[in-house]
Amino acid sequence: MLTSPQQLKDIFFCPEESNFYAFCIESLVLNRCPASKEIVEFGSGDGSPVIKSLLRTRFPGVIHGFEINHLAYAAARSKIEAFGLASHYIIHNASFFDAAHQADYLISNPPYLPAKDNRIYQPFLHGGIDGITVTQKLLSLDYENVLVMISSYSNPESLIDYAITKGYVTADFIVSPLKFGYYSSDPKVQQRITELRKNNQAFYSDNIYMLAGVLFTKQHKLSSNLSEELVRVMTAL
């Protein structure tokens, strides 16, 4: 259990968000993806979400995770070994973008904290000035299927529009309300999301924001498209 501010700054820790990400992996990918398909993960953190989803589904395939934070990588390796999942979840302490690992599915809870620079509680969580820079980069890599977590306070409509320009449709999504926590309460993050809200690019209440697990699929693979419905949900607040 991480309890001190220093530990929170070293390794991302938010049980509510991690549990929701695990549920999205399980529901939107592992329960639909044949074991023969390759899955890669950008930003594995301490590995908890994938470990939980693997334990619940008993998915027989392999997930390759990439994590550049060496402390998070070490924590993930330890947990994977403890649960006997080393043959199903392989973590690489390397840059995902340098590895160029091809797969049928890309999954990620990417950095989405908007701020003018990365001098925030945890720099690894900085998602650019609007919070969508890293996610856009992931969507530009041309994977057939991409599961990403999208925040309602990080310019969600622009991100969904960007996915469409890259040839994706919204195949499915799951949404959950979350309270502002340690990382999203960073003063620099709060200042930026207030600015985004004034520009009609951030949507939240005093108590909650919406987090969505979204499965984007290349348009030629799917005829239905839930992008309009996703926009309505993510901008409801």
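FYI, the numbering just counts along the sequence from 1.
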Is the closest side-chain heavy-atom distance between [X] and [Y] below 4.5 Å?
{"X": "N145", "Y": "V29", "value": "no"}
{"X": "L159", "Y": "L139", "value": "yes"}
{"X": "L85", "Y": "V50", "value": "no"}
{"X": "L178", "Y": "F20", "value": "no"}
{"X": "F97", "Y": "L138", "value": "yes"}
{"X": "P111", "Y": "H126", "value": "no"}
{"X": "P114", "Y": "V189", "value": "yes"}
{"X": "S87", "Y": "V62", "value": "no"}

Do [X] and [Y] share a hydrophobic cluster, counting only Ile, Leu, Val, Met, Phe, Trp and Tyr and linking them when any side-chain heavy atoms are less than 4.5 Å apart?
{"X": "F42", "Y": "I91", "value": "no"}
{"X": "I120", "Y": "I68", "value": "no"}
{"X": "F124", "Y": "F12", "value": "no"}
{"X": "V146", "Y": "V169", "value": "no"}
{"X": "V40", "Y": "Y89", "value": "no"}

What heavy-atom pair brings [X] and [Y] nearest, and what distance separates the two atoms?
{"X": "K37", "Y": "C33", "answer": "CB-SG, 3.2 Å"}
{"X": "E229", "Y": "N225", "answer": "OE1-O, 3.9 Å"}
{"X": "A99", "Y": "F66", "answer": "CB-CE2, 3.4 Å"}
{"X": "E41", "Y": "S44", "answer": "OE1-OG, 2.9 Å"}
{"X": "F173", "Y": "V175", "answer": "CD1-CG2, 3.6 Å"}
{"X": "S53", "Y": "I25", "answer": "OG-CG2, 3.6 Å"}

Gap separating the [atom1] atom of [X] from the [atom2] atom of [Y], nearest 0.5 angstrom:
{"X": "S176", "Y": "M149", "atom1": "OG", "atom2": "CE", "result": "8.0 Å"}
{"X": "N69", "Y": "D10", "atom1": "CG", "atom2": "CG", "result": "7.5 Å"}
{"X": "L113", "Y": "D130", "atom1": "CG", "atom2": "CG", "result": "13.0 Å"}
{"X": "Q201", "Y": "S158", "atom1": "CD", "atom2": "OG", "result": "5.5 Å"}
{"X": "I80", "Y": "S48", "atom1": "CD1", "atom2": "OG", "result": "9.5 Å"}
{"X": "F23", "Y": "R56", "atom1": "CZ", "atom2": "CZ", "result": "8.0 Å"}

Closer than 3.5 angstrom, by distance alone: can the side chain of [X] be matched with the main-chain N or O of [Y] as a donor-acceptor pair?
{"X": "E144", "Y": "T217", "value": "no"}
{"X": "S18", "Y": "P15", "value": "no"}
{"X": "S78", "Y": "A74", "value": "no"}
{"X": "D186", "Y": "Y121", "value": "yes"}

Item to check | Y153/F180 aromatic ring centres below 6.0 Å | outcome: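 Ring centres of F180 and Y153 closer than 6.0 Å.
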Item to check | Candidate pair Y182 and Q122, rule side-chain hydrogen bond (donor to acceptor under 3.5 Å, both in side chains), full reasoning | outcome: CA-CA 10 Å; Y182 177 79; Q122 192 179 114; over 6 Å; no
Next on the checklist: Under the criterion side chain to side chain contact (heavy atoms under 4.5 Å, CB included), I'd like the reasoning laid out for K166 against Y162: C-alpha separation, chi angles, the key distance, then a yes or no.
Outcome noted: CA-CA 6 Å; K166 291 298 179 180; Y162 181 83; 3.1 Å; yes
Next on the checklist: side chain to side chain contact (heavy atoms under 4.5 Å, CB included) for Q102 and E38? Distances and angles first, verdict last.
Outcome noted: CA-CA 8 Å; Q102 294 302 307; E38 287 277 337; over 6 Å; no
Going by atom type alone, with no hydrogens or angles, which donor-acceptor pairs under 3.5 Å involve a side-chain atom of residues 206-216 and a protein atom two or more places apart or on another chain?
from	atom 1	to	atom 2	distance (Å)
Y209	OH	Y112	OH	3.2

Next on the checklist: Looking only at side-chain N and O atoms, does E17 offer a donor or acceptor that is under 3.5 Å from a partner on N109?
Outcome noted: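 A pair is found: one side chain offers a donor N or O, the other an acceptor, under 3.5 Å apart.
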Checklist entry - Pairs in or reaching into residues 80-100: which pass salt bridge (Lys or Arg N to Asp or Glu O under 4.0 Å), with residues at least two apart or in two chains? => result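 Residue pairs passing salt bridge (Lys or Arg N to Asp or Glu O under 4.0 Å), neighbours aside: R77-E81.
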Checklist entry - Are D117 and R119 ion-paired here, with the side-chain N under 4.0 Å from a carboxylate O? => result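 Salt bridge present between D117 and R119.
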Checklist entry - Is the shortest distance from a Lys or Arg side-chain nitrogen in R192 or E195 to a carboxylate oxygen in the other one below 4.0 Å? => result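 Answer for the salt bridge query: yes.
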Next on the checklist: Assess the residue pair I39 and F59 against the criterion (side chain to side chain contact (heavy atoms under 4.5 Å, CB included)); give the C-alpha distance rounded to whole Å, side-chain angles, the decisive distance to 0.1 Å, and a yes or no.
Outcome noted: CA-CA 11 Å; I39 301 175; F59 177 71; 3.9 Å; yes
Item to check | Stepwise side chain to side chain contact (heavy atoms under 4.5 Å, CB included) test for K218 and Y168 | outcome: CA-CA 4 Å; K218 282 296 184 177; Y168 287 101; 3.7 Å; yes
